[in-house]
Amino acid sequence: MESDPVISKLIQKVGFEQFVTDGNEAVKFKLIRTTEDLHDESLVFHPEMCHQIFGEGETIFGYENLQVQVYFTAGSLKTFIGTKYTRKVNPTMADGVEADNIVEKLETVIPSGYTSNIDDFSGCVEKETSSFYPIGDLIHSFQKVWNHRHKEGSDVNMSKNSNGHSMERTFEIFVTDGNVTKFSEYLKNMESFTLWFIDAASLLDPTDERWKFYTMFEKYRTSEGNKSYAFVGYSAVYEFYSYPDKMRPRVAQMLILPPFQKQGLAVELLSAIYNAYRTDTRVLEITVEDPSDDFEGLRDFVDSRDCMGLTSFAPDKLKLGFIDEMEEEAKKRLKMTKRQARRVYEILRLRVTNVNDEVEFKKFRLSVKERLNIPYKKQESDIKRMMRRQFNTTELQKVTQMDDASRKIELESNFQNLYTHYKTILHRLDRYTPC
């Protein structure tokens with residue numbers, strides 16, 4: 001690894017730079033539907049990160065022109081691992097340093113049962129189309145128009161548009177428990193992707209009966225007319241118990257694989273999860289675990305879209321401020337937390353605010369800053385209480401003064417970041433919903 005001081009010193013020597021490869025560029029994923037796909041480079045996609053496999057430097061040492069092939073059968077996710085390179089470092093010429101053992105590192109995330117024999121893998125592909133069916137209960141089926149060309153072998157209804165070809169493709173969402181025997185094995189294959197695309201992700205314990213898994217597949221027909229399924233992505237939800245007989249589901253992970261991104265499929269998956277729990281009388285509220293920026297944007301969009309259908313979030317009420325009716329209706333009908341309902345209120349209030357009207361925009365800005373200032377107010381209250389109890393008064397006064405000096409600047413910065421994010425959500429809302 002480049003972070004290893006021995007290797008860092010070694011690659012400074014002339015002739016060794018070519019033996020250091022960016023892991024994210026070297027690893028080539030494919031979802032294989034037909035044996036012809038094995039030779040189709042247009043199907044390749046790369047990981048977003050690999051530090052949890054190859055170390056913080058995200059580099060692989062010891063190979064020139066390295067390619068790491070990690071192929072999956074499209075439905076069952078049976079795996080092939082292969083490597084290609086033009087030259088491997090000679091330890092005798094590299095101060096005794098050997099090339100990284102790539103397969104050994106991949107085995108930390110790829111479950112046992114993979115093959116390195118391409119002929120064996122081809123045989124799995126040929127059997128795949130007629131033998132695999134998703135595990136779990138079907139809860140949602142829908143069609144999406146795909147606005148680019150797709151290779152032959154996918155079951156799509158072609159219809160011309162001004163940009164060339166668009167295609168209607170069918171997707172299905174299933175739900176299952178982690179303790180279902182066949183699914184616990186399939187989960188290991190799904191999680192092969194997790195550490196490559198979700199930062200700080202951890203592998204889940206499928207034996208915990210409170211886990212629910214929502215999987216999405218594309219349903220298509222092969223060139224022979226057989227119905228088949230291709231894995232698209234999944235979400236894991238943990239159903240926290242709430243006394244005496246309620247629960248608070250928490251969305252813990254969500255992943256749509258790169259070949260299927262930017263088509264609105266994550267919106268469909270999250271909406272399906274919401275719909276499953278919103279009709280369940282045991283559910284108090286639906287929460288999210290440490291959302292990434294991308295997921296936060298997804299959640300804000302879906303929640304804002306859904307709140308637009310609530311009476312309490314009508315345009316004429318939004319400028320009156322965040323009222324109890326909004327919190328209550330969002331919780332009752334959408335199982336939304338108070339914090340998220342307030343955030344959605346701000347997004348939708350901005351939608352009906354004339355940002356060019358100085359007075360109107362100022363009211364919006366102050367409303368948002370009032371919420372953002374709550375943690376500072378709490379900190380200020382805590383400091384005053386500590387001062388009354390005669391903690392280190394001088395130091396506490398310094399902290400208070402520093403906060404007073406920087407608070408306005410930090411508040412404005414936080415507001416501007418939120419304002420930019422909210423505008424992005426509104427732009428997306430305006431693309432899909434009428435004003």
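It should be emphasised that the depicted structure is a prediction, and the values quoted were computed from it without experimental measurement.
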Student: Using 30° and 60° as the class boundaries, would you call the ring planes of Phe322 and Tyr345 parallel, tilted or perpendicular?
Tutor: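 Answer is tilted, since the angle falls between 30° and 60°.
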Student: Who passes side chain to side chain contact (heavy atoms under 4.5 Å, CB included) against Lys30, sequence neighbours left out?
Tutor: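 For Lys30, the residues satisfying side chain to side chain contact (heavy atoms under 4.5 Å, CB included) (neighbours in sequence not counted) are Ile32, Glu41, Leu43, Val44, Tyr71.
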Student: When you look at Arg349 and Ser367, which way does the side-chain contact (heavy atoms from CB on, under 4.5 Å) test go after all the steps?
Tutor: CA-CA 10 Å; Arg349 177 170 177 175; Ser367 174; 3.7 Å; yes
Student: Identify which one of Phe213, Phe231, Tyr234 satisfies the side-chain contact (heavy atoms from CB on, under 4.5 Å) criterion when paired with Tyr186.
Tutor: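 Among Phe213, Phe231, Tyr234, the one meeting side-chain contact (heavy atoms from CB on, under 4.5 Å) with Tyr186 is Phe231.
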Student: A cation-pi test, strictly: NZ or CZ of Arg428 under 6.0 Å from the centre of the six-membered ring of Phe301 and no more than 45 degrees from its axis. Yes or no?
Tutor: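 Verdict for Phe301: a cation-pi partner in Arg428.
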Student: Let me confirm one number: the CE-CD distance from Met336 to Glu329, rounded to the nearest 0.5 Å.
Tutor: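 Nearest 0.5 Å value for the CE-CD distance: 10.5 Å.
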Student: Which residues pass the side chain to side chain contact (heavy atoms under 4.5 Å, CB included) test with Asp294, not counting sequence neighbours?
Tutor: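 Here the qualifying residues are Ser292.
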Student: For Glu370, does the CD atom have more than 12 heavy-atom neighbours from other residues, nucleotides or ligands under 6.0 Å away?
Tutor: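 Not more than 12 within 6.0 Å, no.
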Student: Nearest heavy-atom pair of Leu348 and Ser304: which atoms, and what distance?
Tutor: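 Scanning both residues, the minimum pair turns out to be CD1-O, 3.9 Å.
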Student: Mind checking the SG-CG spacing from Cys124 to Asp120? Nearest 0.5 Å is all I need.
Tutor: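 Reported value, rounded in 0.5 Å steps: 7.0 Å.
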Student: Find out whether Glu218 and Thr170 are in side-chain contact, i.e. whether some heavy atom of one side chain is under 4.5 Å from a heavy atom of the other.
Tutor: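 SC-SC contact between Glu218 and Thr170 ruled out.
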Student: Please check if the side chain of Thr115 supplies one atom and the backbone of Asn117 the other of a donor-acceptor pair under 3.5 Å.
Tutor: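 Flag set: sc Thr115 to bb Asn117 pair under 3.5 Å.
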Student: Quick check against the 3.5 Å criterion: does Gln18 have a side-chain atom that pairs as donor or acceptor with the backbone of Glu64?
Tutor: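 Pair absent, no side-chain N/O of Gln18 close to backbone of Glu64.
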Student: Students often mix this up, so state it plainly: with edges at 30° and 60°, are the rings of Phe174 and Phe217 parallel, tilted or perpendicular?
Tutor: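 Because their plane-to-plane angle is over 60°, the rings of Phe174 and Phe217 count as perpendicular.
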Student: Mind listing the closest non-hydrogen atom pair of Phe19 and Val89 along with its distance?
Tutor: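 Here Phe19 and Val89 meet closest at CE2-N, 3.6 Å.
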Student: Using only atom types and a distance under 3.5 Å, with no angle test, would you say the side chain of Asp100 pairs donor to acceptor with the backbone of Ile60?
Tutor: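 Side chain of Asp100 to backbone of Ile60: no pair is present.
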Student: Just one of Arg407, Arg365, Lys369 clears the side-chain hydrogen bond (donor to acceptor under 3.5 Å, both in side chains) bar with Glu412, so which one?
Tutor: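 Exactly one pass, corresponding to Lys369.
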Student: Might you point out which heavy atoms bring Asp300 and His421 nearest each other, and give the distance in Å?
Tutor: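 Residues Asp300 and His421, closest heavy atoms: OD2-NE2, 2.7 Å.
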Student: Step by step, work out the salt bridge (Lys or Arg N to Asp or Glu O under 4.0 Å) result for Glu328 and Lys332.
Tutor: CA-CA 6 Å; Glu328 293 165 1; Lys332 180 179 180 180; over 6 Å; no
Student: Looking at side-chain heavy atoms only, is the closest gap between Ile118 and Leu38 below 4.5 Å?
Tutor: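 In contact.
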Student: Can you check whether Phe72 reaches Met190 side chain to side chain, under 4.5 Å on heavy atoms?
Tutor: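 The answer is no; the side chains never approach within 4.5 Å.
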Student: Of the options Leu106, Val103, Val70, which is the one that meets Tyr114 in a side-chain contact (heavy atoms from CB on, under 4.5 Å)?
Tutor: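 The option that passes is Val103.
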Student: Using a cut-off of 6.0 Å, state whether more than 12 heavy atoms not belonging to Asn417 lie near its atom CG.
Tutor: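 Counting neighbours around CG of Asn417, more than 12 heavy atoms of other residues, nucleotides or ligands fall under 6.0 Å, so yes.
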Student: For a salt bridge (Lys or Arg N to Asp or Glu O under 4.0 Å) check, start with the C-alpha distance between Arg210 and Asp205, then their side-chain angles and the critical distance, and finish with the verdict.
Tutor: CA-CA 10 Å; Arg210 291 194 172 275; Asp205 177 12; over 6 Å; no
Student: Mind checking whether Ser112 and Glu107 have side chains closer than 4.5 Å, heavy atoms only?
Tutor: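 No. Closest side-chain heavy atoms not under 4.5 Å.
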Student: Could you please spell out the steps behind the side-chain contact (heavy atoms from CB on, under 4.5 Å) verdict for Arg333 and Leu310?
Tutor: CA-CA 9 Å; Arg333 293 187 55 185; Leu310 302 182; 3.6 Å; yes
Student: Under a plain distance cut-off of 3.5 Å, with no hydrogens placed, do Asp303 and Gln340 share a side-chain donor-acceptor pair?
Tutor: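 Their side chains do contain a donor-acceptor pair, which is all the 3.5 Å distance test asks for.
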Student: Taking Glu191 for its side chain and Leu203 for its backbone only, find out whether a donor-acceptor pair lies under 3.5 Å.
Tutor: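 Between the backbone of Leu203 and the side chain of Glu191 there is no qualifying donor-acceptor contact (under 3.5 Å).
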Student: If you count heavy atoms of other groups shown closer than 6.0 angstrom to NZ of Lys246, is the number above 12?
Tutor: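 Yes - once you tally the heavy atoms of other residues, nucleotides and ligands closer than 6.0 Å, there are more than 12.
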Student: Using modelled atom types only, decide if a donor and an acceptor are shared between the side chain of Gln253 and the backbone of Ala236 within a distance under 3.5 Å.
Tutor: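 Pair absent, no side-chain N/O of Gln253 close to backbone of Ala236.
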Student: Test side-chain contact (heavy atoms from CB on, under 4.5 Å) on Leu298 and Val302; report intermediate values, then the result.
Tutor: CA-CA 6 Å; Leu298 168 67; Val302 175; 4.1 Å; yes
Student: List the steps and the verdict of side chain to side chain donor-acceptor pair (under 3.5 Å) for Asp199 and His51.
Tutor: CA-CA 9 Å; Asp199 198 17; His51 61 274; 3.2 Å; yes
Student: Between Glu239 and Arg248, does the salt bridge (Lys or Arg N to Asp or Glu O under 4.0 Å) criterion hold? Intermediate values first, please.
Tutor: CA-CA 6 Å; Glu239 297 180 344; Arg248 286 184 167 88; over 6 Å; no
Student: Lys28 and side-chain hydrogen bond (donor to acceptor under 3.5 Å, both in side chains): which partner among Gln67, His46, Gln69?
Tutor: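 For Lys28, the side-chain hydrogen bond (donor to acceptor under 3.5 Å, both in side chains) check succeeds only for Gln67.
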Student: Look at the side chain of Ser413 and the backbone N and O of Ile409, then say whether any donor-acceptor pair between them is shorter than 3.5 Å.
Tutor: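 Such a contact is absent between Ser413 side chain and Ile409 backbone.
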Student: For residues Pro249 and Glu285, report the shortest heavy-atom separation together with the two atoms involved.
Tutor: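 Shortest heavy-atom contact: CD-O, 3.2 Å.
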Student: Just by modelled atom types, is the Val355 backbone N or O under 3.5 Å from a matching donor or acceptor in the Thr353 side chain?
Tutor: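 No, because the side chain of Thr353 does not come within donor-acceptor range (under 3.5 Å) of the backbone of Val355.
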Student: Indicate the ring-plane relationship of Tyr241 and Tyr243, choosing parallel, tilted or perpendicular according to the 30° and 60° boundaries.
Tutor: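 Correct class here is perpendicular.
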Student: Looking at Glu172, is its backbone amide N or carbonyl O close enough to the side chain of Lys219 to form a donor-acceptor pair, meaning the two atoms are under 3.5 Å apart?
Tutor: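 Not a single qualifying donor-acceptor pair exists.
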Student: Between Lys127 and Ser131, which heavy-atom pair has the shortest distance, and what is it?
Tutor: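 Shortest heavy-atom contact: O-OG, 2.8 Å.
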Student: Given the side-chain rings of Trp146 and Phe171, with only the six-membered ring counted for Trp, is the space between their centroids under 6.0 Å?
Tutor: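 Centroid separation for Trp146 and Phe171: below 6.0 Å.
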Student: First locate atom CD1 of Ile173, then atom CD1 of Ile273, and finally report the distance between them rounded to the nearest 0.5 Å.
Tutor: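 Here the rounded value is 7.5 Å.
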Student: Less than 4.5 Å apart, side chain to side chain, heavy atoms only: is that true for Val145 and Met167?
Tutor: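 Contact flag for Val145/Met167 side chains = no.
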Student: Flag the pair Arg351 / Met308 as yes when at least one side-chain heavy-atom distance between them is below 4.5 Å, and no otherwise.
Tutor: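 A side-chain contact under 4.5 Å exists here.
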Student: Is the backbone of Leu77 close enough, under 3.5 Å, to the side chain of Thr79 for a donor and an acceptor to pair up by distance?
Tutor: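 Judged by distance alone, yes, a pair lies under 3.5 Å.
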Student: Please examine the side chains of Trp196 and Cys50, heavy atoms only from C-beta on, and report whether any two atoms are closer than 4.5 Å.
Tutor: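 Yes, close enough: below the 4.5 Å cut-off.
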Student: Do Ser242 and Arg282 touch side chain to side chain, with heavy atoms closer than 4.5 Å?
Tutor: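 Result no, sub-4.5 Å side-chain heavy-atom pair not found.
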Student: Would you kindly check if the NZ (Lys) or CZ (Arg) of Lys423 is within the cone defined by 45 degrees around the ring axis of Tyr419 and under 6.0 Å from the six-membered ring centre?
Tutor: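 That pair qualifies as a cation-pi contact.
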Student: Validate the cation-pi geometry between Arg87 and Tyr63: distance from NZ or CZ to the six-membered ring centre under 6.0 Å, angle to the ring axis within 45°.
Tutor: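 No, Arg87 does not sit over the ring of Tyr63.
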Student: Measure across Val267 and Arg305 and return the closest heavy-atom pair with its distance rounded to 0.1 Å.
Tutor: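 Looking at all heavy atoms of both residues, the closest pair is CG1-NH1, 3.6 Å.
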Student: Verify, without hydrogens or angle tests, whether Thr108 (side chain) and Glu104 (backbone) share a donor-acceptor contact under 3.5 angstrom.
Tutor: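 Pair absent, no side-chain N/O of Thr108 close to backbone of Glu104.
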Student: Please test Leu255 against Ile198 for side-chain contact (heavy atoms from CB on, under 4.5 Å), starting from the C-alpha separation and ending with a verdict.
Tutor: CA-CA 8 Å; Leu255 173 65; Ile198 303 178; 4.2 Å; yes
